[in-house]
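Let me begin by presenting the structure, written as structure tokens, before commenting on it.
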Protein chains: 2
Amino acid sequence: MQKATAEKSDPIAAQLAPVGRETVQDRVYSELRRALIGGLFEPSQVLTIRGLADALMTSTMPVREALGRLITEKALEALPNRSVRVPPITLERMDDLLRARILIEGEAIALAATRMTPHLISTIESMLSEWDEMRALKHKKDVDREVTLNQAFHFEIYRACGSAVLIPMIESLWLQSGPCIRVAIYAFSEAGEVDTAHYHRTIVKAMAAQNAREAREALVADISRPFVFLRNKLEADSKKGIPA
Amino acid sequence: MQKATAEKSDPIAAQLAPVGRETVQDRVYSELRRALIGGLFEPSQVLTIRGLADALMTSTMPVREALGRLITEKALEALPNRSVRVPPITLERMDDLLRARILIEGEAIALAATRMTPHLISTIESMLSEWDEMRALKHKKDVDREVTLNQAFHFEIYRACGSAVLIPMIESLWLQSGPCIRVAIYAFSEAGEVDTAHYHRTIVKAMAAQNAREAREALVADISRPFVFLRNKLEADSKKGIPA
DNA sequence: TCAATGCAAGTGTGATCACAAATCAAATAA
DNA sequence: TTATTTGATTTGTGATCACACTTGCATTGA
């Protein structure tokens, strides 16, 4: 493993930093988080501390702390062998996750709808056009960018709900459904174009009108899509697989 | 600090253990969890790694991992100084927590109501009588036992909802509202007797009838009580305090 | 040939060390 | 007396070491 000795401190740079410098474990945690939400890890893939430490150019210490944190929010799973893996996809778990997301994200967007400001509305409207830009040069399926844009759009709205309790729960739910979503988006691409931007436009319209009920319904339609799609795909696969 | 060197392994005892032995960090995590849900820490109290390690008779390592996990589920709070404390109580946060608990625990109990078995019903009915036993010898206010019993009753029901996603979220919410609840229960005791068992009986009746709507309403009444009580108390205190 | 045993590499866990930053106290200067 | 600075102590963070357990493969036995 590459040495990562603590370098001598630079007192000048130290005093320039505001108050809270970023720790290595925070960086590692963020990286793993991003990778999980983006679905960069396979479901059922096992992760090793030393392997991740090598990949992230650090020692094992920040990695084990980050893994522990991800395990408590169910983004990863601790096997009885003490090894850790990204949770496998099952139909029951997908239904469970979707139900929880409808419940909590639905509540968050309904709250947010009643608190919209003109500035916020123009912000999320401008995010719609970003979506169109990407479609313009869609010769390459940029799944990463698609995932990032989708996440930014949703959380820009959720932040407006003003609940310091609900938002971390939603982040945890995205973390848990990340691997499924990536699989679903790939399946989308194979099955032909599906207009995510259309669903987002419906959401923005409801938000601009401060109509909580319509916003919730539009959101439910948006987040249900990949789940029902993936569910159909998995059921079709098992029908093909089991009789064989 | 007390030495906690790894003792030599006992191969016989090792092979008797099923598969997953308990790690020290799991023990530490459980202890801190129990202490937080039970409200054994003061709000705004700062916790130090070495202090907890000494108290729990272990090294710093398991403690830091446990603290990191508790911080991610918002049971503790990381200050910019890198020190960690139990979050202070504010009116906004209490309202936020109560709203989330009504939303999620309400959904869980509604789900559970549709899945009740005779065995489960008799289990939670028997828990009611335990409550009466405690009341019989209430010469001593056993707040700890009260908290434990309340927790056991609620989670026995929540487990029946069958959602591996909702239950950890509820645990996180209890963890976050633990400090408030303890303060509220003390305030209850001062303000004279309040019959928790009565609310629980109403819940059990609705559950036995598999009436999801009534169960949800009874639950909301039960969990709202300490919050509205504490809210009134805090508002009264601030009215007395600020003009002075 | 196949199952069982034993060895070696890999992995997680806990303890300890090193270091920088924060905190607190006493001492000094205004 | 009050404000500032200096020094010692405390605390969090990251690296490294030691050890037990797991896993995989090769050797050995029937």
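The chains referred to below are lettered A, B, ... by the order of the sequence lines, with proteins before strands, and numbering in each begins at 1. Only a predicted model underlies this, so the values are computations on that prediction, with no experimental measurement involved.
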**Message:** What I want to find out is whether B/Arg33 reaches B/Glu73 closely enough, with some N-O distance under 4.0 Å, to be called a salt bridge.
**Reply:** yes
**Request:** Output yes when a side-chain donor or acceptor of A/Arg99 lies under 3.5 Å from a complementary backbone atom of B/Leu166, and no otherwise.
**Result:** no
**Interatomic distance, B/Met61 CE vs D/dC17 C1' [rounded to whole Å]** = 11 Å
**Message:** Just to verify, what does A/Pro62 make a side chain to side chain contact (heavy atoms under 4.5 Å, CB included) with, not counting sequence neighbours?
**Reply:** A/Val24, A/Gln25, A/Val28, A/Thr58, A/Ser59
**Request:** Please state whether the phosphate of D/dA15, meaning OP1 or OP2, lies under 4.0 angstrom from any side-chain nitrogen or oxygen of A/Thr58.
**Result:** yes
**Request:** Could you tell me the separation between the CZ atom of A/Arg85 and the P atom of C/dG12, rounded to a whole number of Å?
**Result:** 15 Å
**Asked** In whole angstrom, what separates A/Asn81's CG from D/dT22's P?
**Response** 8 Å
**Request:** Mark yes or no for a side-chain to base donor-acceptor pair under 3.5 Å between B/Arg64 and C/dG14, with no hydrogen or angle criteria applied.
**Result:** no
**Message:** Using whole Å, what does the distance between atom P of nucleotide C/dA22 and atom CD1 of B/Ile49 come to?
**Reply:** 15 Å
**Request:** Provide, to the nearest angstrom, the distance between the CD atom belonging to A/Glu65 and the P atom belonging to C/dG14.
**Result:** 12 Å
**Request:** Could you tell me how the ring of A/Tyr158 sits relative to the ring of A/His154: parallel (under 30°), tilted (30 to 60°) or perpendicular (over 60°)?
**Result:** tilted
**Request:** Provide, to the nearest angstrom, the distance between the CD1 atom belonging to B/Ile71 and the C1' atom belonging to D/dT13.
**Result:** 13 Å
**Message:** Under 4.0 Å, counting only non-hydrogen atoms across every strand here, what does A/Gln25 touch: a base, just sugar-phosphate, or nothing?
**Reply:** sugar-phosphate
**Prompt:** With a 4.0 Å cut-off on heavy atoms, is B/Leu79 in touch with a base, just the backbone sugar-phosphate, or nothing at all?
**Reply:** nothing
**Message:** I'd like to know if the side chain of B/Ser172 pairs up with that of B/Gln176 as donor and acceptor (distance under 3.5 Å, no hydrogens or angles considered).
**Reply:** yes
**Prompt:** Within the structure shown, what part of the strands sits under 4.0 Å from B/Leu47 by heavy-atom distance: base, sugar-phosphate, or nothing?
**Reply:** sugar-phosphate
**Prompt:** Which of the following nucleotides, D/dT16, D/dG12, C/dG12, is nearest to the side chain of A/Thr48?
**Reply:** C/dG12
**Request:** Measure the distance from CZ on B/Arg50 to P on C/dT16 and round it to the nearest whole Å.
**Result:** 12 Å
**Item:** Whole-Å gap separating P (D/dG14) and CZ (B/Arg82)
**Value:** 7 Å
